[in-house]
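Have a look at the structure below before the remarks.
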There are 2 protein chains.
Amino acid sequence: MNVQLHDCFGKKEAVLKSTLSLVGKQGFHGTPMSQIAKNAGVAAGTIYHYFPSKGALISELYIYVKDRMAKAIIDGDDPSKSYKERFFAVMVSQYRFYVENPDSMNFLEQYINSPYAQEYAHLESQLFVEKVITFFKYGIENAYFKNIDPRLLAPTIRGTLVAAASFQLSQHMLFSDEDINEVVSIIWDGIKRQ
Amino acid sequence: MNVQLHDCFGKKEAVLKSTLSLVGKQGFHGTPMSQIAKNAGVAAGTIYHYFPSKGALISELYIYVKDRMAKAIIDGDDPSKSYKERFFAVMVSQYRFYVENPDSMNFLEQYINSPYAQEYAHLESQLFVEKVITFFKYGIENAYFKNIDPRLLAPTIRGTLVAAASFQLSQHMLFSDEDINEVVSIIWDGIKRQ
DNA sequence: ATCATGTAATTGAACGTTCATTCGGTACAA
DNA sequence: TTGTACCGAATGAACGTTCAATTACATGAT
């Protein structure tokens, strides 16, 4: 009848959450496995029961985070609306996800420019690809956007959203719905077919 | 009459260049000081004659790289032209700098989301602030742009340029002048006053 | 119910390696 | 002689990972 039993859905998830919060603040090389373990209320060795290595832990966390982001994005989508309205709603959802989960945003940004991303390049969130990428493909195929290589679209959009979100966070500002719409307009005006 | 004397303008710059090339490819935690030294043709201890620590080396490299980028950007500027033309020329120069110096681009991107950037937050390239930032301030004050917080502008622009440049590099593609103009148009159409 | 048995979960000290940094020493110039 | 540039082996701390030992728990026989 240990107290531990109450506080979470398995130690594996505790390790993932601990890693996310620490790496989001301190970076990969700033967070040793020992600290991840202590922060998760777990012994160092336990981590290796669930993950074969630090790299595998990090890359599995990437999927975990991106799945959650995909869910948050899809939540804002209403397929009965116009494509432009849907695009704005989806972008606003992604923006909100970043602002409400700064650790996730920081982690994703760091992961993208890290050796891990190349070593585990084959791993990607199924949910994100199926739902989010599909949504953008539709916009490209139906000529809502400029004739840009689709692989250029995703990082371009991400760049602007991340820039805005981390600006808001660093300045401790509150953005109104109007402000957020302004940011999404930068993206939309940039890529829409004029 | 050592051969070493011939091959460079001081070992300090050799160390900086060595660090840039290695960190650009392997990341911060992937490049030990010993490797930086060997790659620069220098003993490990010598690095500490010029830089008090690894962090200081990295942050000084940041200034070094950003100075070079500022110079490359300014080179493309002709103050006699219209602001829109100047904007496009400046953006194209920055894009070219990224593509021609991928190590610099990777290094800058990694630096921005790293503990070093916060630890040495007070250090910034004078040249970049004086020339490049000033140029954008002019555009804001003279209402060429949407009414965006100027601190949002820089990361937004960088996000798109980096996305495009690293896409080109990763795909081993050749972008025509027209292609590059298309990318800059995304930025311009996004932020210009409609 | 009780116990025996096997398997999975968990622990944390210990290991071997790697790394940033130090330091005693050499060479040469002023 | 003094100081500057440079070397590279040595140092010690930190790190990822391993492992022998312990506990928790499910299963099945009695």
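Chain letters run A, B, ... following the sequence lines, proteins first and then strands; every chain starts at 1. As the structure is a prediction and not an experimental result, all values here were calculated from the model.
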Worksheet entry | Pairs meeting criterion salt bridge (charged side-chain N to carboxylate O under 4.0 Å, His left out) with involvement of residues 23-32 of chain B, two or more places apart | B:K25-B:D103
Item to complete: Using the test salt bridge (Lys or Arg N to Asp or Glu O under 4.0 Å), find all partners of B:E60 that sit at least two apart in sequence or belong to another chain.
Response: B:K12
Item to complete: Output all residues satisfying side-chain contact (heavy atoms from CB on, under 4.5 Å) with A:D189, sequence neighbours left out; order by chain, then residue number.
Response: A:S185, A:K192, B:K146, B:Q194
Practice prompt. Figure out the CD1/P separation between B:I47 and C:dT22, and round it to whole Å.
Written response: 13 Å
Worksheet item: Quick one: ring-ring contact (aromatic ring centres under 6.0 Å, His included) partners of B:Y116, sequence neighbours excluded?
Response: B:F28
Worksheet item: Among all residues two or more places apart in sequence or in another chain, which pass the salt bridge (Lys or Arg N to Asp or Glu O under 4.0 Å) test with B:D149?
Response: B:R151
Discussion item. Holding to ring-ring contact (aromatic ring centres under 6.0 Å, His included), I want the full list of residues that pass it with B:Y144, two or more places apart in sequence or in another chain.
Written reply: B:Y83
Worksheet item: Quick one, which residues of residues 26-38 of chain A touch DNA chain C with a heavy atom under 4.0 Å?
Response: none
Worksheet item: Rounded to the Å, how far apart are B:Y48 OH and D:dA9 C1'?
Response: 15 Å
Practice prompt. Only counting residues at least two apart or in another chain, list the ones meeting side-chain contact (heavy atoms from CB on, under 4.5 Å) with A:Q126.
Written response: A:E130
Measure all distances between protein nitrogen or oxygen atoms and nitrogen or oxygen atoms of nucleotides 7-9 of chain C, and list the pairs falling under 3.5 Å.
from  : atom 1 : to    : atom 2 : distance (Å)
C:dA9 : OP2    : A:H49 : NE2    : 2.5
C:dA9 : O5'    : A:H49 : NE2    : 3.3

Worksheet item: Under 30°, 30 to 60°, or over 60°: which ring-plane class applies to B:Y111 and B:Y62, parallel, tilted or perpendicular?
Response: parallel
